[in-house]
Amino acid sequence: MNHGDARVAPAAAGGFAPEAVSLDRVSVAYGGVAALKEVSLDVRPGEMLALLGPSGCGKTSLLRTIAGFVPHTGDVHIGGRRATGIPSHRRNIGMVFQDYALFPHMTIAQNVGFGLRMRKVPRREIDTRVEEAIALVGLRGVEHRLPRQLSGGQQQRVAVARAIVIHPSVLLLDEPLSALDKKLREEMEVELRLLQKRVGITTIFVTHDQEEALAISDRIAVMHEGRVLQLGCPEEIYDAPAHPFVAGFVGKANRLSGTVTDVTGDEVTCELAAGVRVRLATPRAVTRGDRLQFTVRPEKIVLAATGGELDNSVEGKVRTRIYLGMFTELRVQIPSGDELTVVVQNTRPAVIERQVAPGDAVVLAWSPHACRLLE
Amino acid sequence: MSRRAAALLVLPAIAVLAVFVAAMALTGLTSFAADAGRWSVKHYVRLVSDSHYLGYLWRSFRIAAYCTPITLLLGYPVALVMATASSGVRLGLTLLLVVQFFTSYVIRAYALMLVLGNNGVVNRALLALGVVDQPLTLMYNEFGVAVSLVLLPMPFMVFPIYSVLKNVEPNLEAAATSLGADRLRVFWHVTFPLTLPGVVAGVVLVFLFDLTAYIMPGLLGGGYFDMVANVIYDQAMEVRDQSFAAAISMVLLVATLAVLYLTTRWGARYAEPPRE
Amino acid sequence: MKTAGWFAWSVTAVVVVGLVVPLVVVVASSFNPTNELLVPPRGFSLTWYGNIFQRSVFLTSFRFSLLLALGATACSLVMGLLCAVAVVRCRFPGRDLLGAVLMSPLIVPQVVLGMSLLIFLSTIGVVSSLAGLSLLHVILALPYTARVLIAALTRFPVSLEDAAVIHGAHRAKAFTLVTLPAIKPGLVTAALFAFVTSFDNFTSSQFLVWDRTTLPIEIYSYIRTENDPTVAAISTLLILATVAIVVVAERLVGLETVTG
């Protein structure tokens, strides 16, 4: 089938072109406990936005607020229209639930067609659109089965088909892949991303899995304790965390702090405890004597023997070593007392190359540009 | 544990149940007994050819057939409120229904007599308000029996529905809402179909309760509106025609089993089909 | 998400009125000073409560019903527990059949059950006896105790009992020290069901009573013959007892085991 259909059809039928979502100082409280604190957020048309955060950070509350399931203060706009006060069933939203919430008493075709029946779409059109949607998620042939007769991955596709067949203004995904095992989840991530691009639908999805968020979203909103701490593309979130929490939650990060001893151009020298000196590139102006907090990602540090010419080099002693197949993770203590996590690619088989062992003295090296200053 | 241990454990219950099974079998035999130790189907012939007795059977079915849906219509919303309201309301309703459940039918039927009688609260209220000038006949007739058959088995309807309803996954209803269903359609397309197993269980219990009712027609019918169970008792204990009473009993028993069989088969559609 | 609308609440209100008003009327009527069953009562009197104690039939039948119910409860509880252990813990041929047969007395109409037992007992020459009536009540109570205890024992993880055995307890001792206390809610509920089933039974019992009758049978015939507020007084006492038992049961084990 022509996958373009799903995107073209609504516009041609004078239906709803996918438009953005906008939240203005939205707060939600459950029995006096604040779940969202004055969150403002603009979602661009056609983008895939991840709401990333630990459990209890308010990401699901935010999603359910957009869906209209949660009483809140502040304003929600969907597709340029004010949605506050509009009941859920008239918001034209597609939602995929964590447990899929497929109706167990309906066949796959009936599940997918449910939203269209509620919209009183003519039967013939329902049949065509259901068939298209099922084909779109690659599930042809299961139309007349019941949800419990499908595997977890298949159920997930049905849930997606059911949500997009109504041509929603926005697609909301609540931890859509968390119930799948790791391998299947990675496959579905790619598939979901391709599908979203193909259909071009504005998508907001909730996840606590930072790898998943990095892998499939256009932008990520990192949430913590009811607030959005940082909103940006995956590279920004990973390479330029604006907040200590973001740095710690997305990927692993070595946090260091010291005092500025020298400033030359856009590079500064920072002295840690015990006289350990680190040079870092800083985008903002600092002066001598400032206390700085910064992070270095483990994969950006190399063992000096293999590292070539990098400006920072620090001696250290290996404390622990964890072999992980594709790479080896080392914890190295440097003279300042900080313990740095270092990831070493296993480019050569362990039988050929003797690996570093706990107790070994090593030299760590990294570029000044690998250091990220925290606000 | 070994088979011998199992056999010893179940022995006392088996002994009791054996008496039960033997008694039922003996009743079956008795229904075919003619004079002088011969067998015959004459009691069944008499039952189906006598419109008087057939009438009682028909009446029992007819009343059960319209009282059960009324109990369902009244009981389902109660279960819904119990499943969704605050824990205080839930506890209150549960206590009320459990007290009803554990109170003797004789007492509950008697209580209804005090409400529906000529001097009962309903008639006295109507008279005082000037709605009527003489008491309405609300019992010792079909109406009184029907009221009791609607109200008394209420726990049998509410509990099975409630126990299914409280386990309905809330996300299913949220999903239906997000797909554009208003509250009524969420209920009709999602909640209600999912609670059908509870509804079927409740309907079967109440239908059989109504069909075989003895105390309610006995007290609120006051002898003027007997049902089939009363006829069986009269035939066995007053007329002392045990064979005929046994024949009516067998018909009632077969009807009960038929209701159970049909609903179980119908209900199997909602049971878990094998995973492919 | 689920919320009951105004319709459900209105129907519930109607049902509550329909279930509560008759009980209130009974209680109110019992305090009538005259022979009339009037609500609200004209005045206040305990005459009819006194009458209960003057009519020895009520006292003797109450005592008889109580003993009968206690006996039936004890027997059906033990039998039900043994069956539950066998059904839940053992694999033996006919296990599913046993489960079905255990429930079958519930299916048979009460009037048919009572008459069948009468036919059976008179055939083997046992009539007008305590044995027959007790047997009936055990048959009536056994399905409830078996069902509740099978459910309770199924939920109880046998590994706990195994742990006690590993720590040196004999299997029977482990069962009484570990398993029985753990399924206490089930035992209480089962006992409650059995007691009430026996104590309240009227329809099948009326086939098997002789000059000794049970309380429900005395009340029933009193309503159909004399019908003064004495019955209202007895009913009030029994309703209060039921409320007390239910409240205690709620505190003790919760009512979830009753409502399912």
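Note on naming: letters A, B, ... go to the chains in the order of the sequence lines (proteins, then strands), and numbering restarts at 1 for each one.
- Contact detail for B:Ala236 and C:Met115: the closest heavy-atom pair is CB-SD, 3.7 Å.
- When heavy atoms are compared at a cutoff of 4.5 Å, C:Leu121 does not approach chain B at all.
- Looking only at heavy-atom pairs under 4.5 Å with chain C, the residue among B:Thr256, B:Leu253, B:Leu219 that has the most is B:Leu219.
- Aromatic ring centres of B:Phe101 and C:Phe193: separated by under 6.0 Å.
- Within the structure, the ring pair (Phe, Tyr, Trp, His ring centres under 6.0 Å) test picks out the following pairs touching residues 222-246 of chain C (sequence neighbours left out): C:Phe58-C:Tyr222.
- Residue contact with chain C, scored on non-hydrogen atoms closer than 4.5 Å, is absent for B:Met250.
- Heavy-atom distances place no part of B:Ile248 under 4.5 Å from chain C, backbone and side chain included.
- When all heavy atoms of C:Phe92 and C:Ala86 are compared, the pair lying nearest together is CE2-O, 3.4 Å.
- The most heavy-atom pairs under 4.5 Å with chain B, out of C:Val231, C:Leu135, C:Val21, come from C:Val231.
- Residue B:Leu116: no heavy atom, backbone or side chain, is found under 4.5 Å from chain C.
- Among C:Ile107, C:Val15, C:Leu19, the residue making the largest number of heavy-atom pairs under 4.5 Å with chain B is C:Leu19.
- Taking the six-membered ring where the residue is Trp, C:Phe199 and C:Phe62 present perpendicular rings, their angle passing 60° and hence far from 30°.
- In this structure, chain B has a heavy atom under 4.5 Å from the side chain of C:Ile223, while its backbone stays farther away.
- Ranked by heavy-atom pairs shorter than 4.5 Å toward chain B, the options C:Pro105, C:Pro216, C:Ala241, C:Ala249 are led by C:Pro105.
- To the nearest 0.5 angstrom, C:Phe207 atom CZ is 10.0 Å from C:Gln110 atom CD.
- When heavy atoms are compared at a cutoff of 4.5 Å, B:Leu73 approaches chain C solely by way of its backbone atoms N, CA, C and O.
- Both the backbone and the side chain of B:Ile215 come within less than 4.5 Å of a heavy atom of chain C.
- Proximity to chain C (any heavy atom under 4.5 Å) is shown, for B:Val158, by neither the backbone nor the side chain.
- Of the two parts of B:Leu152, neither the backbone nor the side chain holds a non-hydrogen atom closer than 4.5 Å to a non-hydrogen atom of chain C.
- Relative orientation of the B:Tyr105 and B:Phe209 rings is tilted, given thresholds of 30° and 60° on the angle between their planes.
- Of the listed residues B:Leu96, B:Thr30, B:Leu11, B:Leu260, the one with more heavy-atom pairs under 4.5 angstrom with chain C than any other is B:Leu96.
- Contact of B:Ala246 with chain C is made through backbone and side chain together, with heavy-atom distances under 4.5 Å.
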